[in-house]
Peer 1: 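Below is one structure. I have some questions about it.
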Protein chains: 2
Amino acid sequence: MAKFAAGGGDAGASPIRVFDGTLRSFAGYNMKRAFNLVQADLARTLEPFGLRMMTFTALALIVDNPDMSQSQLAGALAVERSNLVTIVDDLEKHGWITRNPAPNDRRSHALRATPDGECLCEKAVSAVAAHEAKLLGGLQASEAAALISTLRKIEHSATGDA
Amino acid sequence: MAKFAAGGGDAGASPIRVFDGTLRSFAGYNMKRAFNLVQADLARTLEPFGLRMMTFTALALIVDNPDMSQSQLAGALAVERSNLVTIVDDLEKHGWITRNPAPNDRRSHALRATPDGECLCEKAVSAVAAHEAKLLGGLQASEAAALISTLRKIEHSATGDA
DNA sequence: ACTTATTGCTATTTGACATAACAATCATAT
DNA sequence: ATATGATTGTTATGTCAAATAGCAATAAGT
C-alpha cells in the first residue's frame with residue numbers, strides 16, 4: 001500500500017540519501033512515519049477477518065460497552081454520526097452486532113455484539129496483539145510501556161483533560 | 001476539525017464513560033489518538049503561513065536537499081509521483097521553490113527553494129517547534145527524546161531497515 | 001537500432017471525512 | 001397540555017487526500 005521510507009524509496013538509480021534531519025527533530029514527523037507503518041500492518045492483519053481499522057475499533061468498543069448508542073460510539077471514535085451509519089451497517093450486515101431498541105429513548109439504538117461478533121472480536125484482538133508484539137519486538141518491555149504512557153500524556157495535554 | 005476524545009464527546013446527556021481499555025493496550029490505538037491531536041494542532045499552526053502538512057514537509061525537504069528530483073521527493077514523502085505534482089505546483093505558484101532543468105537528465109526537475117521559500121521555511125519550522133514544545137510541555141526532556149527514539153525504532157523494525 | 005524503464009504529468013476513481021437537511025422523538029417552558 | 005427547541009439516526013451532498021491508469025518525452029540497456 002505505502003512503500004514509504006525517506007531515502008529508502010526506490011526512486012530511481014540516484015543513490016542520494018534524502019536528508020530529513022530538520023523534520024526528524026519533530027515528534028509529529030516521527031509519529032506520522034511510525035504510525036503509517038503500524039497502520040499498514042494493522043490493515044493487513046484485519047483484512048482476513050473482513051475488518052477495517054474503523055470497524056475493528058467500533059466492534060471492540062461495542063463489545064466492551066454493551067447497549068451504547070450510536071452517538072456515544074461516534075463520539076468515542078471521533079467520527080460524525082452520519083459517517084458512523086456506514087460502519088454500523090457493515091457490522092450489522094455481517095451479523096456481528098445488532099441494533100436494538102433502547103429502553104428509555106425510542107430514537108436511539110442500543111448496540112450489542114452478537115456471540116459471533118464477540119468471537120470475531122476476540123480473535124481479531126489476539127491477531128492484532130500478535131502482530132503488534134512482532135512489530136514492537138525490538139523494544140524493551142519498559143520501552144513499549146513508556147511509549148504508551150507518553151502518548152497518553154500528549155493526548156491529555158492536547159485535550160486539556162482534567 | 002476533530003473533536004475527538006473517547007467519552008469526552010458531548011454525545012448527549014448520557015454520562016456513561018466509554019470504556020476503551022481493550023484498545024488502550026495497543027500502541028497503535030494510542031498513536032492514532034495522540035497523532036490526530038498533534039496533526040490538528042500542526043494544521044492550525046501552518047495555516048497562517050499558507051502551508052499544509054504536506055507542503056510544509058515537502059518544502060523542508062527541498063530546502064535541506066537542493067536540486068532533488070520530484071521522484072526522490074515523492075519517495076521521501078511516501079506519495080505517488082502523480083499526487084506530488086499538485087504539491088510542487090502549490091509551492092512553485094507561491095514562489096517558494098522553482099523547477100529547474102536537471103543537468104544530467106532532461107526529464108527530471110531539479111527542485112530548489114527560493115530565498116523567499118527558505119525564509120518561510122525557517123519561520124514555519126520555528127512556529128511548529130514552538131507549538132510542539134507547548135504540546136509536549138508536560139513531558140520531561142528525557143521522555144520526549146525517548147518517544148522519538150522509540151518511534152524511530154518502530155519505523156526501522158517495520159521497514160526491515162538494515 | 002530496438003526495447004525497456006523512468007520522469008513528470010493528466011485524467012479518473014475511490015475512499016475518508018465534513019456539512020446540510022430531514023422525520024421521529026425527547027426535553028423543557030410555559 | 002402545548003409550543004419550542006434539542007437530540008438521534010439517517011440520507012444526500014460536497015470536499016479533499018490518495019490510488020490507478022495511461023501518456024509523451026527522455027534515458028538506459030541490449
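From a predicted model like this one, the values you see are computed outputs, not experimental measurements. As a basis for the values below, the full set of heavy atoms in this structure was taken, side chains included, without hydrogen atoms, waters or symmetry mates. Residue numbering restarts at 1 for every chain, and letters A, B, ... go by the order of the sequence lines.
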Peer 1: Rounded to the Å, how far apart are B/Gln70 CD and D/dT26 C1'?
Peer 2: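 The answer, rounded to whole Å, is 15 Å.
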Peer 1: Is a side-chain N or O of B/Asn30 found less than 3.5 angstrom from the main chain of B/Arg24, in a donor-acceptor match?
Peer 2: yes
Peer 1: Expressed as a whole number of angstroms, how long is the span from A/Lys32:NZ to D/dA17:P?
Peer 2: 12 Å
Peer 1: In whole angstroms, how far is the C1' atom of D/dA18 from the CD atom of A/Gln39?
Peer 2: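 Distance check: A/Gln39 CD to D/dA18 C1' gives 12 Å.
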Peer 1: Round to the nearest Å and state the distance from A/Leu84 atom CG to D/dG9 atom C1'.
Peer 2: 10 Å
Peer 1: Any carboxylate oxygen within less than 4.0 angstrom of a Lys/Arg side-chain nitrogen, looking at B/Asp90 and B/Arg52?
Peer 2: yes
Peer 1: Rounded to the nearest angstrom, tell me the gap between atom CG in A/Asp90 and atom P in D/dT10.
Peer 2: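 So the CG-P distance, A/Asp90 to D/dT10, works out to 14 Å.
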Peer 1: Rounded off to whole Å, could you give me the CD-to-C1' distance for the B/Glu80 and C/dA11 pair?
Peer 2: 15 Å
Peer 1: Could you give me the CA-CA distance, side-chain angles and deciding distance for B/Val88 and B/Gln70, then say whether side-chain contact (heavy atoms from CB on, under 4.5 Å) is met?
Peer 2: CA-CA 8 Å; B/Val88 174; B/Gln70 292 190 192; 4.0 Å; yes
Peer 1: Donor-acceptor pairs are to be reported for all side-chain atoms of residues 115-122 of chain B against protein atoms at under 3.5 Å, with residues two or more places apart or in another chain.
Peer 2:
none

Peer 1: Taking all atoms of both residues into account, what is the closest heavy-atom pair of A/Val63 and A/Ala113, and its distance?
Peer 2: CG2-CB, 3.7 Å
Peer 1: If you draw a 6.0 Å radius around CD in B/Gln140, do more than 12 non-hydrogen atoms from other residues or ligands fall strictly inside?
Peer 2: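 12 or below, so no.
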Peer 1: Rounded to whole Å, how long is the line connecting atom CG of A/Leu73 with atom P of D/dT8?
Peer 2: 13 Å
Peer 1: Please determine whether any donor N or O and acceptor N or O are separated by less than 3.5 Å between the side chain of B/Ser82 and the base of D/dT20.
Peer 2: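 Answer is yes: a donor-acceptor pair is held.
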Peer 1: Would you mind reading off the distance between B/Asp67 atom CG and C/dT7 atom P, rounded to a whole angstrom?
Peer 2: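 Those two atoms, CG and P, are 16 Å apart.
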Peer 1: Near DNA chain C, counting only heavy atoms under 4.0 Å, which residues of residues 102-113 of chain A show up?
Peer 2: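 Under 4.0 Å from DNA chain C: A/Asp105, A/Arg106, A/Arg107.
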Peer 1: Side-chain donor-acceptor pair under 3.5 Å between B/Asp64 and A/Thr22, yes or no?
Peer 2: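 B/Asp64 vs A/Thr22: donor-acceptor pair found between side chains.
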Peer 1: Would you indicate, yes or no, if C/dT7 has its OP1 or OP2 atom less than 4.0 angstrom from a side-chain nitrogen or oxygen of B/Ser71?
Peer 2: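 For C/dT7, OP1/OP2 do have a side-chain N/O of B/Ser71 under 4.0 Å.
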Peer 1: In terms of the nearest nucleotide of DNA chain C, which residue is placed more toward the 5' end: A/Asn83 or B/Val85?
Peer 2: B/Val85
